[in-house]
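First the structure, in the form of C-alpha cells, and then the observations on it.
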Amino acid sequence: MATKTPKLPTIEQLDKQLAPVLRDMEARGITLDVPYLKTLATEFQANIDVLQADIYREAGHEFSIKSPSQLAVVLYDELKLGAGEEMWIKKTKSHRSTAASELAKFVDTHPIVPLIIKYREETKLLSTYIVPLPELVAEDGRLHTTYSIDTAAGRLSSKNPNLQNIPVRSDEGKKIRRAFVAQPGFELLSIDYSQIELRIAAHFSGDPGLIQAFTEGRDIHAATGEQMGVDRRVAKAINFGLLFGQGAFGLAGALNIPIEDAQAFIDQYFVTFPKLAEWMKSVQQKAHDNGYAETLLGRKRYLAELKGFNANLRNFAERVAINHPIQGTEAEIVGLAMIAIHKAIPLDQAAMLLQVHDELLFEIPEGTATTIAPKLQQIMDSVIELSVPIKTEAEHGPNWEEMEGL
DNA sequence: ACTAGAAGCGCC
DNA sequence: AAACGGCGCTTCTAGT
C-alpha cells in the first residue's frame, strides 16, 4: 500500500523524540522587550488607580475590590443589583458569583459594573504578565519556559513562565504580546494549523458533509451553517461546542438563547451530520466497554466514571470521551511536526521558540520568511494523512503582535 | 509563617 | 434548574 504518510511512532516513541526538541526550545528562549513593559506597567498602574477611585466613589466607600466576597456584598446587597429583575445570580460555594459572565448581565444597570470589569482586566494583565515577566528574563535577555507532556490528553503544558496563555484577544492584551520580539537581524514567524480539531473530528467520523466542506476549502463555520440552514455565528458556536461534547445548556449560554432553541439547533446539527453523531456515540460506547478513550496513536485516558452511578461524573466522563481523541490527536499531529521540523530544518534557518497547541513560533533571519515558511508548512501539512486536507497559515513580523500574513 | 482551596481569568 | 474539553498564575481566605 503506497502512502505518503511516514510510519507513525507509538506514543512512547513520540514523547521520547519530542523531549530533546522541547529542551532546545527552552534553551533558546525568546527575547522580551523589558523597557517597553516597564512603560506599560506605569501606564496600567495609572489607569488602575483612576478606576479604583471611581469604584470607591460609586460604592460610597472603600473595600477590597479583588475580594469576590466583599464585592458580592457591595454589588448585590448594597447596590441591589439584580433585585428587581428576575435575574438569576449564579452561586459559588461561599457567596454569589461575581464572575465576568455574571457581571455582564448588569453592565448597563449600574456604572460600577463596567468599572469593575475594566479594573479586573487591567489588574489581571498587570499582575500576571506585565510585572512578573521581566523578572523572569535570564542573563541572556531572554525568557525560558519549561515544557511538560504530563497532561491528560498528551498536550504540552508550559510554566515558569507559562507562555501558552499570553494575551491575544483584547486590545489591552495585545499590548503585552507586542513585548515578545525577535532578536536584532531576525523576525518572528508564526504558523498555525487551521481548524485542526474540527478536521480531526471530520476524519474520525467520516462525515461526508464535514469532509466535503474541508475538501472544498470552505470557511467551515459558513459551510456548516449553510448545510444546516442557520447563521454562521450559530454554526460556529455548535462546531466549537462539539469539540468538548457540549450540550444544550452550554450552547444556550454561549448564544444567549433559550435552552429549547439550543436543543433544536443541536438536533438539526446531528441530522445534517449524521455520521458525526454516530461517531460520538460509538466513542462513548467504546470508552464504556473498554474503560478508556484513546487518540489516533493510542494514548489512553481511563474513564471509570462512565460505569459509575453519579450522573454528574458520568456526564463529565462522556464529554471527556469525545474530547480526548480530538484534543489528544491534535497534540500528536503538532508533536510529529515539531520532531520532523527539528530534524529537517537547520537552527540557523528557523529556530522553533514556542508551541501554543496548534501554533508554532519561529525566529528566522530577517527577510527569509517567504522562502522558509513554505518549507515549514510543507512539513506540517504532510506529517500525517487524514481523510481531509490539513491546512496551515503563516504570519511574520517584528513581534508576536504585529504580524502580517504570507 | 506557611499551605491549600476557591474564585477568577489568561490561552488553545 | 441546569458546571462545558485541556492547562497555569494571582489573589484572597481559612486552615494549621
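Scope of the values below: all heavy atoms of this structure, side chains included, with no hydrogens, waters or symmetry mates. Residue numbering restarts at 1 for every chain, and letters A, B, ... go by the order of the sequence lines.
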Does any part of the side chain of A:Leu297, heavy atoms only, come nearer than 4.5 Å to the side chain of A:Thr10, both counted from C-beta? no
Between the two ends of the helix from B:dA1-C:dT16 to B:dC12-C:dG5, what is the bend in degrees, rounded to 10 degrees, where each end axis spans five pairs? 0°
Over how many whole Å does the gap from A:Ile259 atom CD1 to C:dA3 atom C1' extend? 12 Å
Indicate every side-chain donor-acceptor pair of residues 130-138 of chain A with a distance under 3.5 Å to a residue at least two apart or in another chain.
none

Does any residue of residues 15-53 of chain A have a heavy atom under 4.0 Å from DNA chain C, and if so, which ones, in number order? none
Produce the list of close N/O pairs, under 3.5 Å, pairing protein atoms with atoms of nucleotides 12-15 of chain C; give distances to one decimal.
from   : atom 1 : to      : atom 2 : distance (Å)
C:dT13 : OP1    : A:Ser67 : OG     : 2.5

Under 4.0 angstrom, heavy atoms only, what part of the nucleic acid is A:Ile166 near: base, sugar-phosphate, or nothing? sugar-phosphate
Given side chains that start at C-beta, do those of A:Ser194 and A:Arg199 come closer than 4.5 Å, heavy atoms only? yes
From CG of A:Leu126 over to C1' of C:dT10, roughly how many Å is that when rounded to an integer? 12 Å
Student check: side-chain heavy atoms of A:Asn160 and A:Thr145 closer than 4.5 Å: no
Output one line per pair: protein atom, nucleotide atom from nucleotides 6-9 of chain C, and distance, for all N/O pairs under 3.5 Å.
from  : atom 1 : to       : atom 2 : distance (Å)
C:dG6 : OP1    : A:Arg301 : NH1    : 2.6
C:dG6 : OP1    : A:Arg301 : NH2    : 2.9
C:dG6 : O4'    : A:Gln327 : OE1    : 3.0
C:dG6 : O4'    : A:Gln327 : NE2    : 2.9
C:dC7 : OP1    : A:Ala152 : N      : 3.1
C:dG8 : OP1    : A:Ser157 : OG     : 3.1
C:dG8 : O4'    : A:Asn162 : ND2    : 2.9
C:dC9 : OP1    : A:Asn160 : N      : 3.0

Mind checking the C1' distance from C:dA1 to B:dC9? Whole angstroms is fine. 26 Å
Write down the atom of A:Ala337, the atom of A:Met380, and the distance for their closest heavy-atom approach. CB-CG, 4.0 Å
Taking only the side-chain nitrogens and oxygens of A:Arg169, find out if one of them lies under 4.0 Å from OP1 or OP2 of B:dC11. yes
Please state whether the rings of A:Trp400 and A:Phe180 are parallel, tilted or perpendicular, taking 30° and 60° as the class boundaries. perpendicular
Nucleotide B:dC11, atom P - distance to NZ of A:Lys174 in whole Å: 10 Å
Heavy-atom distance under 4.5 Å between the side chains of A:Glu318 and A:Asn315, does that happen here? yes
For A:Tyr269, the ring pair (Phe, Tyr, Trp, His ring centres under 6.0 Å) test, sequence neighbours excluded, returns A:Phe273
Rounding to a whole Å, what distance do you find between A:Phe180:CZ and B:dC11:P? 12 Å
Any side-chain N or O of A:Thr92 below 4.0 angstrom from OP1/OP2 of B:dA7? yes
Which one of A:Glu402, A:Glu172, A:Glu401 satisfies the salt bridge (Lys or Arg N to Asp or Glu O under 4.0 Å) criterion with A:Arg178? A:Glu402
Is there a donor-acceptor pair under 3.5 Å between the side chain of A:Thr329 and the backbone N or O of A:Leu296? yes
Check for a donor-acceptor pair, side chain of A:Arg301 on one end and backbone N or O of A:Ala152 on the other, with a separation under 3.5 Å. no
Looking only at atom P, what distance separates C:dC4 and B:dG5, rounded to whole Å? 23 Å
Heavy atoms under 4.0 Å, any strand shown: does A:Arg120 hit a base, just sugar-phosphate, or nothing? sugar-phosphate
What's the CG-P distance between A:Leu354 and B:dC11, to the nearest Å? 15 Å
Would you tell me if any nitrogen or oxygen in the side chain of A:Ser94 comes within less than 4.0 Å of OP1 or OP2 on B:dA6? no
So do A:Leu188 and A:Leu353 actually touch side chain to side chain, heavy atoms under 4.5 Å? yes
For A:Ala248, answer base if it contacts any base atom (sugar-phosphate contacts may also be present), sugar-phosphate if it contacts only those atoms, and nothing otherwise; contact means non-hydrogen atoms under 4.0 Å. nothing
When the distance from CD1 of A:Ile89 to C1' of C:dA2 is rounded to whole Å, what number comes out? 17 Å
Give one of base, sugar-phosphate or nothing for A:Leu251, where a contact means two heavy atoms less than 4.0 Å apart. nothing
Just by distance, do the side chain of A:Thr128 and the backbone of A:Leu125 share a donor-acceptor pair under 3.5 Å? no
Measure from CZ on A:Phe249 to C1' on C:dA2 and round the result to the nearest Å. 5 Å
Residue pair A:Glu305 / A:Arg314, side-chain heavy-atom distance below 4.5 Å: no
Which whole-number value in Å describes the distance from A:Ile65 CD1 to B:dA7 C1'? 17 Å
Taking A:His203 for the side chain and A:Glu385 for the main chain, is one N or O donor matched with an acceptor at less than 3.5 Å? no
